[in-house]
Amino acid sequence: MTLSAVEAAPKAELHIHLEGSLEPDMLLALAARNQVAIPYANADQLRAAYDFANLQEFLELYWAGQSVLRTERDFYDLTHAYLARAHRDNVVHVEAHLLPQGHTPRGVPFGAVLDGALAAFDDARHAFGITGGIILGLNRHESQDEAPAVLQSAEPWRDRILALGLEGPEKGNPPSKFTRVYDQARDWGWHLTAHAGEEGPPDYIVEALDMLKVERIDHGVRCEQSPALVRRLAEQGVPLTVCPLSNVMLKVFPALARHNLRRLLQAGLCVTVNSDDPPYFGGYVNANYTQSAAALGLSMAEQRRLVRNGFIAAFIDDEQRRRCLHDLDAAWPSP
Ligand code: HPA
Ligand code: ZN
């Protein structure tokens, strides 16, 4: 099968939840390995449950599925499988969300989560040449009083973590809850991002920028409700890590053909394309690109811009950015 230019191009993926890359087959295998009871007999039954009215319905199934993740080996296997799959989509740089707070209440050691995932990143760098790192996530619906302890637990790994992120149910959980921990992470030299404007209002995007001082916004598609905010995001070059198939599966848009990705791109925003939780939403990053391109009629130049934006938005140094952009130019020359 010949690949389209966008499928063949070297790409960055900046918005993927490692827990959300858990394929049904691996979920069942880990349930058996760890003797965790789950209410599904096979992968088809699991896939049939992937039908969501909104973010909350998805999160409840997603959290239940994560109960099979118990050991450092599990986090290694999960991360390794995702990175190998991303490599097949010609992803060369990955910044992946990981949420220890979603696992430690089950008695999983904080270190098992991080060491497993980090070891898989180390191995993928050697095996596939994939670079990248971990965005340590906070659950926004948990009390803000818990967040400093999460950061404290992460202290021994502070030099190996790339960024701080914020995820979970958005409505009613504004970014302003987390100002103090974002200050701490900034002091440690971490990059900063947050989910905002997926289901929540444009005000949450403004709060993430002004109070958390994030460098990019995860999702952010609801910025369009505020023309002033769209202008600000364009003028300040704030990247959005957009996940088109996720947005359709969680009813943020009624269909891919109604997604605002192309309008945001045309408004001058640094839009990037990502997969969020691929097995749950029906596709890895190449599927997000090709299905969006088909549904929205994206030109080759627009598709190339989206890929290029991934490297512009990545938390990498100037030298690596130059190399990535050079490799993209070589693989897919500018028209
Ligand atoms: N939004 C919020 N939290 C999440 C998501 C998402 O799309 N995916 C996994 N956790
Ligand atoms: Zn997400």
Side-chain angles (χ1 to χ4, degrees), residues 12-23 27 49-67 69 75 78-79 82 86 94-103 113 117 132 134-142 147 150 162-175 177-178 191-201 204-205 207-208 212 214 216-223 239-253 256 259 261 271-285 288 310 313 315:
E13 170 138 72
L14 308 177
H15 186 165
I16 162 80
H17 300 263
L18 289 173
E19 297 93 337
S21 72
L22 183 56
E23 287 282 350
L27 195 157
Y50 296 174
D51 178 20
F52 316 109
N54 51 41
L55 175 60
Q56 187 65 33
E57 272 194 24
F58 158 70
L59 287 170
E60 279 163 24
L61 189 110
Y62 168 78
W63 290 328
Q66 290 177 28
S67 65
L69 294 163
F75 285 92
L78 174 76
T79 307
Y82 162 70
V94 169
E95 297 175 4
H97 292 265
L98 181 64
L99 195 115
Q101 201 180 10
H103 311 293
V113 180
I134 286 171
I135 301 170
L136 185 97
L138 295 170
N139 247 336
R140 68 198 309 147
H141 62 296
E142 308 285 359
V150 176
L162 189 61
L164 183 64
L166 184 63
E167 60 193 82
E170 190 179 2
K171 286 182 186 165
N173 296 301
K177 278 173 71 175
F178 297 95
H191 290 284
L192 305 173
T193 184
H195 284 58
E198 177 186 20
E199 282 194 342
Y204 284 15
I205 299 174
E207 271 190 21
L212 306 187
V214 298
R216 62 186 193 221
I217 300 283
D218 294 315
H219 294 297
V221 290
R222 286 191 190 262
C223 67
L240 304 187
T241 64
V242 175
C243 307
L245 293 178
S246 163
N247 292 157
V248 174
M249 281 296 283
L250 300 186
K251 313 289 191 288
V252 176
F253 295 95
L256 205 47
H259 201 286
L261 180 154
V271 178
T272 69
V273 170
N274 310 272
S275 67
D276 211 6
D277 306 283
Y280 292 94
F281 300 145
Y284 284 80
V285 75
N288 274 272
F315 296 145

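A quick note: this is a predicted structure, and the numbers were derived from the prediction, not measured. Read the numbers this way: they start at 1 and go in the same order the structure lists the ligands and their atoms.
- Of all protein N, O or S atoms, those under 2.8 Å from the Zn ion (ligand 2) number 4.
- Side-chain contact check for N173 versus H141: some heavy-atom pair is nearer than 4.5 Å.
- Protein residues lining ligand 1, listed by chain and number: H17, L55, F58, L59, Y62, E167, G168, H195, E198, H219, D276, D277 [non-hydrogen atoms, distance under 4.0 Å].
- Note that CG of D218 and OG1 of T272 are 8.5 Å apart. Values are rounded to the nearest 0.5 Å.
- In this structure, F75 and H103 have perpendicular ring planes: the angle between them is above 60°, well past the 30° mark.
- E57 and K251 are not joined by a salt bridge, as no carboxylate oxygen comes within less than 4.0 angstrom of a charged side-chain nitrogen.
- With a 6.0 Å cutoff to the six-membered ring centre and a 45° limit on the axis angle, R216 counts as a cation-pi contact of F315.
- Classified by interplanar angle (parallel below 30°, tilted 30° to 60°, perpendicular above 60°), the ring pair F52/Y280 is tilted.
- For the atom pair CG of N247 and CG of L55, the computed distance is 10.5 Å after rounding to the nearest 0.5 Å.
- Using modelled atom types, one finds no donor on one side chain facing an acceptor on the other under 3.5 Å when comparing H219 with E170.
- Test D277, D276, T193 against H15 for side-chain hydrogen bond (donor to acceptor under 3.5 Å, both in side chains) and you get one pass: D276.
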